[in-house]
Amino acid sequence: MISNLNNECSSKVDNEIIITDCDKEIIDMKGITKRKDGRYIVRLQKNKIQITKYAKTKELAIKLYRQLKNQKELTKPKTKQIEKRITICEWYEKWLKEYKEKFVTQKTLSVLKGAMNKFINKIKNISLRELTTEIIQKELNKLEHNRTKERIWVYLNALLQKACDIGLLAINPFRAVVKEKKKVYKNFCYTFDEQQIIVNKAKDYNIEHEIMIYLMTGCRPSELPNKGQFDFKNNIINIYGTKNDNARHREVEMSRSFSDYMQEYFINNEVKNHDYVKTQFKKLCEENKIPNCKLYRLRHTFATNHFTLGTNAKYVQHWLGHYGIQLTLNTYTDIDKKSTKEKIKKLYNNFYYEI
């Protein structure tokens, strides 16, 4: 149908673009699509050559489409000749240095490298221009579907798209990769029986107060707050995260009993290093036969305990730093038939803040 649009789509009065019914048909047929950032993508294929252009407004996009349509011949965009034989590994290192290192946190950069380094090493000698969808798909299919693989999907696409944006590639080969459906990962909370062991044994491993902080704040393992983040005047603990804008800073209320407990501890002590706590907690779980010993499960335990206590879900969502409440309800809460409001209060000496 696009082939019949030659003269019909050329209505123009001075510099004003007239959007005809024919233009609307082009837009409906995906010849022109709107990006999330507000720009428009113009795509046209003629004589087996596909051209992709960008425009700031719909009117300019239609004008550009008409111009491309009226050209007798289309030529592929030229890639930069200077980088003629750049390998995927060389481009990856350049991409990290020029487009990532100065613009992301060290933690994000570490996660990025952890996901990408081994994958890039498998295809490091392939020329950037010789990297095809088939090669990418074959290597991705070899990987187990987990969080690392999902991160590779995101970062590899960004890596190749940037090469397209600056002219090193004409087309992003990742566009045609078939991606697996994203999995929902769930860490279950510790059962009430397991919590009893953890609470009673933590002192023997010199991490009693740190474990209590995790259980009273629901913070991520790397967000363990230090002494300076405790506001005892207002009974608030400041949690600083880096995962997303919603979680970068949040305040978790603390009960008077937990506040007194921590103030007494801070007279002669400081919060221990997260890595030390992680090592000691692993020993605690292994030696007391608690399976799946992960500090992250304490975050889930915090959420589940608050729901058992009857805390409003919106408060729990805020304390955890979640963007949407469904994540809090569906992923971070479990049911333990042995756990009750009275048991939790007794086990934790009324440390939990109650709304």
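The model shown is predicted, which means the values in this text are computed figures rather than measured ones.
Annotation: Tyr352 is in aromatic contact with His306 [ring centroid separation under 6.0 Å].
Remark: side-chain polar atoms of Gln137 are paired, donor with acceptor, to backbone N or O of Val178 under 3.5 angstrom. With Thr301 contributing its side chain and Tyr190 its backbone, the two residues share a donor-acceptor pair below 3.5 Å.
In this structure Phe351 satisfies the ring-ring contact (aromatic ring centres under 6.0 Å, His included) test together with Phe258, Tyr261, sequence neighbours excluded. Residues meeting the side chain to side chain contact (heavy atoms under 4.5 Å, CB included) test with Asn125, sequence neighbours left out: none. Listed by chain and residue number, Lys142 satisfy the salt bridge (charged side-chain N to carboxylate O under 4.0 Å, His left out) test with Glu139 (two or more places apart in sequence, or in another chain). With sequence neighbours excluded, no residue forms a ring-ring contact (aromatic ring centres under 6.0 Å, His included) with Tyr205. Judged as a side chain to side chain contact (heavy atoms under 4.5 Å, CB included), and not counting sequence neighbours, the contacts of Ala158 are Trp95. In this view, Phe266 and Phe230 satisfy the ring-ring contact (aromatic ring centres under 6.0 Å, His included) rule, not counting sequence neighbours. For Glu354, the salt bridge (charged side-chain N to carboxylate O under 4.0 Å, His left out) partners are Lys345, not counting sequence neighbours. For Thr191, the side chain to side chain contact (heavy atoms under 4.5 Å, CB included) partners are Asp193, Glu194, Asp336, not counting sequence neighbours. Residues meeting the side-chain hydrogen bond (donor to acceptor under 3.5 Å, both in side chains) test with Asn312, sequence neighbours left out: none. For Glu270, the side chain to side chain contact (heavy atoms under 4.5 Å, CB included) partners are Lys227, not counting sequence neighbours.
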Assess whether side-chain contact (heavy atoms from CB on, under 4.5 Å) is satisfied between Arg250 and Glu223, documenting all intermediate values.
CA-CA 11 Å; Arg250 55 196 189 274; Glu223 296 173 341; 2.5 Å; yes
Show the numbers, then the answer: is there a side-chain contact (heavy atoms from CB on, under 4.5 Å) between Tyr54 and Ile41?
CA-CA 5 Å; Tyr54 297 88; Ile41 302 176; 3.7 Å; yes
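For residues 272-292, the pairs satisfying salt bridge (Lys or Arg N to Asp or Glu O under 4.0 Å) are Glu210-Lys272, with sequence neighbours left out. The list of salt bridge (Lys or Arg N to Asp or Glu O under 4.0 Å) pairs with a residue in residues 196-205, not counting sequence neighbours, is empty.
Annotation: Glu90, atom CD; neighbour count of heavy atoms from other residues, nucleotides and ligands within 6.0 Å is above 12.
A donor and an acceptor atom, one from each side chain of Tyr92 and Asn117, are located under 3.5 Å apart.
In this structure the side chain of Lys63 never reaches within 4.5 angstrom of the side chain of Glu59, judged on heavy atoms. Counting only heavy atoms from C-beta outward, the side chains of Leu159 and Ile88 approach each other to under 4.5 Å.
Between Tyr40 and Lys56, the shortest heavy-atom contact is CD1-O, 4.1 Å.
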